[in-house]
Amino acid sequence: MSIQYEVEQLADSYGVADSFPKDFGYGEEEADIEDSPASSDSKPRILLMGLRRSGKSSIQKVVFHKMSPNETLFLESTNKIYKDDISSSSFVNFQIWDFPGQVDFFDPTFDYEMIFRGTGALIFVIDAQDDYVEALGRLHLTVSRAYRVNPEINFEVFIHKVDGLSDDHKIETQRDIHQRANDDLADASLEKLHLSFYLTSIYDHSIFEAFSKVVQKLIPQLPTLENLLNIFISNSGIEKAFLFDVVSKIYIATDSSPVDMQSYELCCDMIDVVIDVSCIYGLREDGSGSAYDKESMAIIKLNNTTVLYLKEVTKFLALVCILREESFERKGLIDYNFHCFRKAIHEVFEVGVSTQRPVGPKAVGSPCSKAVTLNGTPRNTV
Ligand SMILES: Nc1nc2c(ncn2[C@@H]2O[C@H](COP(=O)(O)OP(=O)(O)OP(=O)(O)O)[C@@H](O)[C@H]2O)c(=O)[nH]1
């Protein structure tokens, strides 16, 4: 009982009221907020930049549009800035701007100041299978310009297409790119400009992991979410839990135990299985209905006494847990704790909405002082 009480207290400390709206995430309020024309341009942007054929469009299509990696072989070159607003289908309430390979900063029609001012993260993609000297020059030019306009941008470098490299070669390439890029910044007295590096490929889960980290940095409520997950798993006998954006399979948060790639991949695969089965057998005969809704939940028992447990949290988010079979015997307790966890998550994002109205005492627990949208992501990073 004490276990349940702790989680309940946690929910209460976020001001969860009994009258909490049951349709959170599915109601009309969201449509009102999200559909306002003003909101679309003020959403923080994630920019995808890099040389031609480095893999920018492929990354976007694979992560957010479920394109299979092989299909990207037939993608045509991007000739103009392609703005992708994914907020209607995903928790990730950002615009992704995919740039054509060569952006000319000296072209007067290219208003880079306006673009960088509203940018939350700039992802620069480098093709690791190609000679990257030119890409490094371009990276330096791009980040130094962007930093001068908006030093708040998170600069992320994807060392991409590493599926073609051996493990040793991968490490060596990362070390070399890291060294050269930082030397260039030091030469330009830009030591304060921090670059984060990721080894990525669309042919495995590394691109989803990297994108997860990029997106997490833009979520002001991240520490609160991690805290909630920590309390939930420790009181429920769960080994690992991920809060997933169902559409993109990006994880928005996880508990503070280290992430091992295999667990993450297992949870991603579970989401695919659940959505695929639901699409085939879960819709009505006329094809109406949704493959993912409030009723969505799944239990998969593996042959090594591990259980995977998925439950709906909001319209876009699912909790996926990994636990031992013996812990799953206390399913009632887990479900009760989940119920409290879910209420707390809703309340965290409800606070986000209320910051658009005068901020009340409920917002005290939130690490966020900026206005955020209903799904909890920042409304404007500028
Ligand atoms: N091996 C491998 N190939 C990749 C990967 N990602 C993308 N590619 C391939 O790289 C090629 C170029 O990909 P695009 O996504 O069109 O590149 P882009 O950067 O958008 O190109 P532009 O639109 O010309 O700027 C395609 O043939 C992709 O299949 C990867 O992770 N590994």
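Keep in mind that this is a model prediction, so the values were computed, not measured. Quick note: numbers below take in every heavy atom, side chains included, and nothing from hydrogens, waters or symmetry partners. Positions are given from 1 along the sequence. Whatever order the structure lists them in is the order used to number ligands and atoms, beginning at 1.
- Taking the charged nitrogens against the carboxylate oxygens, Lys217 and Glu156 do have a contact shorter than 4.0 Å, which makes a salt bridge.
- Close contacts between ligand 1 and Ser201 involve ligand atoms 31 (O) [criterion: under 4.0 Å to a heavy atom].
- A side-chain donor-acceptor contact under 3.5 Å links Thr119 to the backbone of Ile115.
- Numbered from 1 in the order shown, with element, the atoms of ligand 1 that lie under 4.0 Å from a heavy atom of Leu73 read 27 (O), 29 (O).
- Residues satisfying the ring pair (Phe, Tyr, Trp, His ring centres under 6.0 Å) test with Tyr198, not counting sequence neighbours, are Phe158.
- Residue contact annotation: Gly50 has no non-hydrogen atom under 4.0 Å from ligand 1.
- Residue Pro69 has no nitrogen or oxygen atom sitting less than 3.5 Å from a nitrogen or oxygen atom of ligand 1, judged on distance alone.
- Residue-to-ligand polar distances place Arg53 within reach of ligand 1: an N/O pair is separated by less than 3.5 Å.
- Aromatic ring orientation, Phe155 versus Tyr147: tilted (interplanar angle from 30° to 60°).
- Only the side chain of Asp163 comes within 4.0 Å of ligand 1, counting heavy atoms alone; its backbone N, CA, C and O stay farther away.
- Between the side chains of Tyr251 and Asp245, no donor-acceptor pair of N or O atoms lies under 3.5 Å.
- Ligand 1 has no atom lying under 4.0 Å from any heavy atom of Lys61.
- With Asp176 contributing its side chain and Glu172 its backbone, the two residues share no donor-acceptor pair below 3.5 Å.
- Counting only N and O atoms by type, the side chains of Lys240 and Thr254 include a donor and acceptor under 3.5 Å apart.
- Contacts of His160 with ligand 1, taken as heavy-atom pairs under 4.0 Å, involve the side chain alone.
- Under a 4.0 Å criterion applied to the non-hydrogen atoms of Gln129, ligand 1 contributes the atoms 1 (N).
- Residues satisfying the side chain to side chain donor-acceptor pair (under 3.5 Å) test with Ser68, not counting sequence neighbours, are Glu71.
- Checked by distance only, ligand 1 and Leu75 stay at 3.5 Å or farther apart across all their nitrogen or oxygen atoms.
- Applying the 4.0 Å criterion to heavy atoms of Thr72 picks out, from ligand 1, the atoms 26 (C), 27 (O), 28 (C), 29 (O).
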